[in-house]
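All residue numbers refer to positions in the sequence shown, counting from 1. Quick note: numbers below take in every heavy atom, side chains included, and nothing from hydrogens, waters or symmetry partners. If you're wondering where the values come from, they're calculated on a predicted model, not measured in any experiment.
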Amino acid sequence: MEVYIPDLFDLNKIISSGQCFRAVARPDGTCRFVTGEQVLYIRKVSEENYEVSCGRDAWASVWSPYFDLGRDYRTISAQIPRKDSFLSRAAQAGAGIRILRQDPWETLVTFIISQRKSIPAIRWVVEMLSQRYGTPIRTSEETLYAFPTARQLENVCEADYITCKAGYRAPYLCDAVRQVLSGCLDLSGISALSDCELIEALKGVRGVGVKVANCVALFAYGRTACAPVDTWIKKIIQREYRGRDPFGRYGPVAGIMQQYFFYYAQSHKGEPAHKKKEPETA
């Protein structure tokens, strides 16, 4: 089936944006995304048309919300004032990134794992957990594994997580499983909370601080006013904004602007500062 996407949409930038850890870009130009037990193979066939492996119902109910296709990112990028020269460059470089609407459980666990780990290392741990404890998903091309549910991880101990290279995060993962299975943390129920309340509820899990909680709020609950600040973002704020918060002015879309920051920092690593100030092409 072919679908038409007229807004800013770039599969490779989405995969490289640091918000999901199971998406893969294949050599033939096809990209694979997994959410729950759903798998999508998607390939660009023209400027605004894409070939997808699912039917219309699945596209409308699962993948269109997943890619946040109900939001106009072109208009959002146009809100950036010219005087904010760094964000203008970052938004141009990151044009096509979408804020993915991911499964709250998977997002919570993967961002607990993400602390002080490189993206390739995070991907490795996530795949190990999926292969060991997740449900097999058989497509016409391959056998994959869904990310394990809290119930599937019920009897996994700290030593098991350490074997999967989770390291010091192992007790945090055990606590997340315990809280979800006991009902202490209702990942569905907290979706009704305000942004601040949602973040506080997530911080009740051991090892979840402000940054991880904001990541979960943004990437699982669609709270685009939440702008996670990690080491990369702090460096940019210090260098480009003299330490002043640049996100406040963008209110309900601050999290989208943060993604442009993050993508730009990741894709321009190692460049001299004077080069980073030159205009970039998308």
Side-chain angles (χ1 to χ4, degrees), residues 5 7-25 31-36 38-40 42 62-71 73 76-77 87 90-91 93-127 129-130 146-147 169 187 191 195 198-199 202 208-234 236 247 250 252-269:
I5 304 175
D7 196 19
L8 301 174
F9 187 77
D10 190 305
L11 292 164
N12 289 306
K13 290 179 184 178
I14 292 168
I15 290 172
S16 302
S17 64
Q19 56 179 311
C20 63
F21 305 106
R22 303 205 67 199
V24 174
C31 294
R32 185 192 72 209
F33 291 83
V34 184
T35 184
Q38 299 283 329
V39 179
L40 178 74
I42 178 170
V62 178
W63 297 108
S64 183
Y66 179 84
F67 289 117
D68 198 24
L69 294 181
R71 194 189 307 269
Y73 281 65
I76 290 169
S77 296
L87 183 53
I97 291 173
R98 317 288 299 189
I99 299 297
L100 301 180
R101 191 65 178 269
Q102 301 177 74
D103 173 72
W105 167 248
E106 179 175 348
T107 310
L108 173 63
V109 173
T110 56
F111 276 93
I112 289 174
I113 292 168
S114 77
Q115 299 174 82
R116 298 183 181 275
K117 269 190 178 294
S118 68
I119 290 177
I122 300 164
R123 289 181 183 274
W124 196 91
V125 177
V126 171
E127 285 304 321
L129 289 175
S130 300
F147 189 79
R169 306 155 197 82
L187 291 173
S191 64
D195 290 355
L198 175 63
I199 287 168
L202 292 166
V208 175
V210 174
K211 183 259 181 178
V212 170
N214 271 273
C215 286
V216 179
L218 178 60
F219 303 133
Y221 292 95
R223 303 302 179 89
T224 53
C226 296
V229 176
D230 64 1
T231 302
W232 291 98
I233 304 301
K234 285 179 182 177
I236 293 172
F247 299 120
Y250 298 107
V253 294
I256 297 173
M257 303 307 178
Q258 180 272 350
Q259 273 301 100
Y260 293 145
F261 270 51
F262 183 84
Y263 178 82
Y264 190 87
Q266 289 289 307
S267 60
H268 290 74
K269 285 188 290 188

Single hit among N214, V212, L218 for side chain to side chain contact (heavy atoms under 4.5 Å, CB included) with F111
V212

Can you name the nearest heavy-atom pair linking F262 to G18, along with the distance?
CE2-CA, 3.9 Å

Ignoring hydrogens, what is the shortest heavy-atom contact between A95 and K13? Give both atom names and the distance.
O-NZ, 3.1 Å

State, yes or no, whether a side-chain contact exists between D68 and F9 at a heavy-atom distance under 4.5 Å.
no

Distance, nearest 0.5 Å, that separates CD1 of I76 from CD1 of I256:
3.5 Å

Give the minimum heavy-atom separation between F33 and C31, together with the two atoms involved.
CE1-CB, 3.9 Å

Check whether any side-chain N or O of Q115 sits under 3.5 Å from a backbone N or O of I112 as a donor-acceptor pair, and report yes or no.
yes

Spacing of C226 atom SG and I199 atom CD1 [to the nearest 0.5 Å]:
4.0 Å

Heavy-atom closest contact (I233 atom, P228 atom, distance)
CG1-O, 4.0 Å

Are the side chains of L40 and V62 in touch, meaning some heavy atoms are under 4.5 Å apart?
no

State the CZ-CD distance between R22 and Q102, to the nearest 0.5 angstrom.
11.5 Å

Expected output: side-chain T224 to main-chain G255 donor-acceptor under 3.5 Å
no

Do V109 and F147 have side chains that get closer than 4.5 Å, going by heavy atoms?
yes

Can you tell if the side chain of F67 reaches within under 4.5 Å of the side chain of I5, non-hydrogen atoms only?
no

To the nearest 0.5 Å, tell me how far I97 CD1 sits from Y73 OH.
9.5 Å

Under the 3.5 angstrom rule, does the side chain of E106 hit a backbone N or O of T35 as a donor-acceptor pair?
no

Gap separating the OG1 atom of T110 from the CZ atom of F219, nearest 0.5 angstrom:
10.0 Å

Q38 side chain reached by W63 side chain, heavy atoms, under 4.5 Å
yes

Please check if the side chain of R32 supplies one atom and the backbone of V24 the other of a donor-acceptor pair under 3.5 Å.
no

Can a salt bridge be assigned to the pair R223 and D195 using a cut-off of 4.0 Å between side-chain N and carboxylate O?
yes

Mind listing the closest non-hydrogen atom pair of A90 and F261 along with its distance?
CB-N, 4.3 Å

Nearest-0.5 Å distance, OH of residue Y263 to CD1 of residue I14
10.5 Å

For R71 and R98, indicate whether the former's side chain and the latter's backbone hold a donor-acceptor pair under 3.5 Å.
no

Heavy-atom closest pair, residues I99 and Q259:
CD1-CG, 3.4 Å

